[in-house]
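Working notes for the structure below.
Convention: sequence-line order gives letters A, B, ...; per-chain numbering from 1. Quick caveat, the model's predicted, so the values are computed rather than measured.
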Amino acid sequence: MLDKTFPHAEVERRHYARWEASGLFSARPESKARPYCIVIPPPNVTGSLHMGHALNNTLQDVLIRWRRMAGDDALWMPGTDHAGIATQMVVERQLAEQGIRRQDLGRDEFVRRVWQWKEQSGGTITAQLRRLGASLDWPRERFTMDEGLSRAVTEVFVSLYRQGLIYRAKRLVNWDPKFHSAISDLEVENREVKGHLWHIRYPIEGEEGRFIVVATTRPETMLGDTGVAVHPEDDRFRDLVGRHAILPLVGRRLPIVADAHSDPAKGSGAVKITPAHDFNDFEVGRRHGLEVVNILDRDARLLDDPLIPAPYRGLDRFEARKRIVADLEAAGLIEKIEPHTHTVPHGDRSGAVIEPYLTDQWFVDAKTLAAPAIAAVERGRTQFVPRQWENTFFAWMRDIQPWCISRQLWWGHRIPAWYAPDGAIFVAHDEAEARRLAAAACGHEVELRRDPDVLDTWFSSALWPFSTLGWPERTPELARYYPGEVLVTGFDIIFFWVARMMMMGLHFMNDVPFRTVYVHALVRDERGQKMSKSKGNVIDPLELIERYGADALRFTLTAMAAQGRDVKLSPQRVEGYRNFATKLWNAARFCQMHGCVPVPGWAPASARATLNRWILGRLAEAARAATEALEQFRFDAYANELYHFVWGTFCDWYLELAKPALAGGDAALREETRAAAAFVLDATLALLHPVMPFVTEEIWHAMADRGPGPCEGRRTLMVEPWPDPGSLPRDPAAEAEVEWVVRLISEVRAIRSESGVPPGRAIPLALKDAAPATLARLDRWREPVLRLARLSEAAPLAGEVPRGAAQAVLDEATLVLPLADVIDLAAERARLAKEIARHADELRRLDAKLANPDFVARAAEEVVEESREKRAAAAAAKARLEAALARLAV
RNA sequence: GGGCGCGUAGCUCAGCGGGAGAGCACUACCUUGACACGGUAGGGGUCAGAGGUUCGAUCCCUCUCGCGCCCA
């Protein structure tokens, strides 16, 4: 016998271990079944599970478990990401605690320490995914830095280089002075910052006392100025174009050029041009042939160089700003200082203010690779769900910039490029090949130096959908599972990851990496705030699992995953769905107590009893709706459909109405009801299994000995067939009858409650004007009706309606509860008045509608007919309630 | 400044051309033999505002207001 509540902790451990050991999570490449593949968005190998992961992986597991049960050859590809910057940062911080810098260790030793850290903490997140119940194909687990994936990275780099789609160039990049590395545009976070706009007077050469005023938010960059730009149409400066200004503090001559980049309405109308430290200025400089003067070192300090006036050499950029402003002020060259809010680029990982910085880096020609990806989405070869994310994808892809892929880090895939002493570049799969290339090019052996930089982590992530399947080997897995069916991810990495997988997949596999991209929302706290450690509002999924069970957490996240809305999570909500699991558990417990054991081979169509035919029909509808919801990625609809079926239909009505049959003396009816109840419960467990795998598996085994099977010698719900609504009988007559019973009981309960009948008191019910068919129904359902409505008897009304009887209308019949002695007459009068008013409103509304000739003439025939029927019903009900009220008043 | 999304019951959200819904919270009552992590009943909404299309608008269109996110 089952206990009263579901012991989730023990059950979760037991079943997960069985499942994993059974090998049933694994794909079956040899099978004839349709392949269905999802690749996991690889979490950071040294990370731990947060609520975003919990949502993301729950949804993937729901899909995978569903398709596995539906008979597909389901592959959920697991793995982790080396997260270059983040991981290196963690290890560096650990070393710093011991007073060690990575440079002290040297590259090889440092990388060895990172691997050590990976070995030590690398299992955390995969263990946590297991706690969540994720049915990943663990033996296939991959890591972006493992041998095979590293080979894929090298292969892709070399190919793209040889195709001219990867190149090395000296360009302005986003420089993170804390990491001493370039980062991509995407890793830059633009933050609104309150700063100042300094208006600085630059003297005009050869015209004593005349100045041109430039406005800047970064005065320290003036040391790198090589020009001044004004708008070509700006009359104020027209005569200055072609002349020179003199750079204060430095004395350099600055050409004054006309360029539309200068906005006459902004600041002073003239802008200083610093090509080495501003993306826009770089372009202006190029258009006008201005010099490029770099003034910063890799720490974003002013260079210790004769180029820089002595007092500022080696100063931090912010210190330099103060000094330069002070010196300009002293020289009377500051015209004014305005408070100014502007956006300042920050490194998303380091938080440091990013400097545009001129260096040699490696770039991917993203524009060329983007074109096929754009076309693929336009043609619907890959579809975004919800659809509107396609706009985000297009907006970025159509204006894509070269992707800077080199990082000045030690942790990552080292760039397979070697340099000869003369600077010649040899890109090769390995050093030996590079030597051969170099020897061939130079005619003799040359000394080669390997590029010290590593690749952006997203470079290897972009290959994930095919590298994990064995590419560049042409494995059977690659042929079978690429392209994947669906990618499940958050919108925050559409650019970082989805777009790049599309580009690489199309280029190297000549097909999209997945047919559908399902984009889910962010998980926020109950007030809608983004969860963050600094706000202290982080909810740990593991804590929720421990407290309420993995099933409850999974159900919550699934039920709340409505398209286009963030998930606002509160522990209270999880508690509610834990209660749902308990409800299901107790329904099963009830079935168990009444001998509801699944009958092998039992055919639902063989059911004769109205109640059983009704619940089988309701099950069919629930199965249909749940399946359709999953097909459309309507996770919330899937979960809610089953919630209502289990609680509102199966528990509230079916089991209650089945009690007489289950306890009764009619053996045939009892056996059929037992079989039907067990059948419906089994199907319900199957439908719920993708979202609540643990509780459903546990109940499924508790209900019967399921016999031998592939999971530690036993069968498992995990690979039972997905219920097929088409095989279930639909019986409109049974539906009408049971729904009548439900309405009858509900009406009586409402009257009792509202007119103040003591709950324990059984009262008689009389039916006035009931048709013979209705009285026959009543006979068939007498027992449950009496019990559920707490009635002493139910019979046709004999004679007149007694005084002081409570009444209600049910179809053609009037329900009469002759209770002059027990009911609160005033309360009953109020109740009737309220009911009458409700019908009167309805009647007024429908009369107005039907009186409108346009409505009758133009609305669809069936709509008009429906309105007439409703009007008649409302009028009849109102008349009878009025009569009831009149009798009550006597 | 450009784009996207959202404003429906106290809260969180479904619904999206023809009768305003759910969960939670709230109120009252109930130790009824599966379940108090439960049961029964109930209160609560000019569906942000204004115009338009339509026989009919919470739903479609336009504008306004408010909130959020992305991009510049």
Measure [atom1]/[X] against [atom2]/[N] and give the value in whole Å, please.
| X | N | atom1 | atom2 | answer |
| --- | --- | --- | --- | --- |
| A:R191 | B:rC70 | CZ | P | 12 Å |
| A:N174 | B:rA72 | CG | P | 11 Å |
| A:F590 | B:rG38 | CZ | P | 18 Å |
| A:F491 | B:rC69 | CZ | C1' | 7 Å |
| A:R761 | B:rU32 | CZ | P | 19 Å |
| A:E189 | B:rA72 | CD | P | 13 Å |
| A:D399 | B:rG3 | CG | P | 15 Å |
| A:K4 | B:rA36 | NZ | P | 5 Å |

Measure from the side chain of [X], starting at C-beta and using heavy atoms only, and say which of [options] lies closest.
| X | options | value |
| --- | --- | --- |
| A:F495 | B:rC70, B:rC37, B:rA34 | B:rC70 |
| A:N391 | B:rG39, B:rC4, B:rA34 | B:rC4 |
| A:M560 | B:rC37, B:rC29, B:rU12 | B:rU12 |
| A:D854 | B:rC37, B:rA34, B:rC55 | B:rC55 |

Open item on the list: Are more than 12 heavy atoms, taken from residues, nucleotides or ligands other than A:E861, located less than 6.0 Å from that residue's CD atom?
Closed with: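 12 or below, so no.
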On the 0 to 90° scale, with breaks at 30° and 60°, tag the [X]-[Y] ring pair as parallel, tilted or perpendicular.
| X | Y | value |
| --- | --- | --- |
| A:F6 | A:H8 | tilted |
| A:F393 | A:F384 | tilted |
| A:F555 | A:Y643 | tilted |

Work out how far the [atom1] atom of [N] is from that of [M], and round it to whole angstrom.
| N | M | atom1 | result |
| --- | --- | --- | --- |
| B:rG42 | B:rU46 | C1' | 24 Å |
| B:rG3 | B:rU58 | P | 28 Å |
| B:rU12 | B:rG51 | P | 29 Å |
| B:rC4 | B:rA9 | P | 26 Å |
| B:rC69 | B:rC61 | P | 25 Å |
| B:rC29 | B:rU64 | C1' | 49 Å |
| B:rC30 | B:rA36 | C1' | 10 Å |
| B:rG23 | B:rA14 | C1' | 10 Å |

Donor-acceptor pair, side chain of [X] and main chain of [Y], under 3.5 angstrom:
| X | Y | result |
| --- | --- | --- |
| A:R218 | A:H277 | yes |
| A:Y638 | A:L687 | yes |
| A:H520 | A:Y518 | no |

Is it true that [X] and [Y] make a salt bridge, defined as a side-chain N closer than 4.0 Å to a carboxylate O?
| X | Y | result |
| --- | --- | --- |
| A:E621 | A:R618 | no |
| A:D841 | A:R844 | yes |
| A:K849 | A:E866 | no |
| A:D636 | A:R634 | yes |
| A:E628 | A:R624 | yes |

- [ ] Could you tell me whether the side chain of A:K583 has a donor or acceptor atom within less than 3.5 Å of a complementary atom in the base of B:rC35?
- [x]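 By the distance-only test, yes, there is a pair.
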Task: base_contact_polar (B:rA34 base, A:E656 side chain, donor-acceptor, <3.5 Å) - done: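 Per atom types, the contact qualifies.
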Task: Phosphate contact (B:rG15 OP1 or OP2) by A:R634 side-chain N/O below 4.0 Å - done: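 Answer yes for this pair, as a side-chain N or O of A:R634 is under 4.0 Å from OP1 or OP2.
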- [ ] Using a cut-off of strictly less than 4.0 Å, decide whether A:N579 has a side-chain nitrogen or oxygen near OP1 or OP2 of B:rC35.
- [x] no
Task: Secondary-structure stems for RNA chain B, with pairs counted as Watson-Crick or G-U when both distances are under 3.5 Å and runs at least 3 long - done: B:1-7 with B:65-71, B:10-13 with B:21-24, B:26-30 with B:38-42, B:48-52 with B:60-64
Base, sugar-phosphate alone, or nothing: which one does [X] contact when heavy atoms must sit under 4.0 Å apart?
| X | result |
| --- | --- |
| A:R749 | sugar-phosphate |
| A:T5 | base |
| A:E865 | nothing |
| A:C651 | base |
| A:A587 | base |

Open item on the list: The test is salt bridge (Lys or Arg N to Asp or Glu O under 4.0 Å); show your working for A:K878 and A:E842 and say whether it passes.
Closed with: CA-CA 10 Å; A:K878 177 169 166 276; A:E842 174 94 353; over 6 Å; no
Open item on the list: Could you walk me through whether A:V816 and A:L765 satisfy the side chain to side chain contact (heavy atoms under 4.5 Å, CB included) test, starting with their C-alpha distance in whole Å, then the side-chain angles of each, then the deciding distance to 0.1 Å, before giving a yes or no?
Closed with: CA-CA 6 Å; A:V816 179; A:L765 167 69; 5.8 Å; no
Could you run down the sub-3.5 Å N/O contacts of the protein with nucleotides 17-27 of chain B?
from   : atom 1 : to     : atom 2 : distance (Å)
B:rG18 : O2'    : A:K849 : NZ     : 3.0
B:rG19 : O2'    : A:E842 : OE1    : 3.4
B:rA22 : O2'    : A:H644 : NE2    : 3.1
B:rC24 : O2'    : A:Q572 : OE1    : 3.2

What's touching nucleotides 42-45 of chain B from the protein side, N or O pairs under 3.5 Å?
from   : atom 1 : to     : atom 2 : distance (Å)
B:rG43 : OP1    : A:K834 : NZ     : 2.8

- [ ] Take A:I745 and A:N190, find for each the nucleotide of RNA chain B with the closest heavy atom, and name the residue whose nucleotide sits nearer the 5' end.
- [x] A:I745
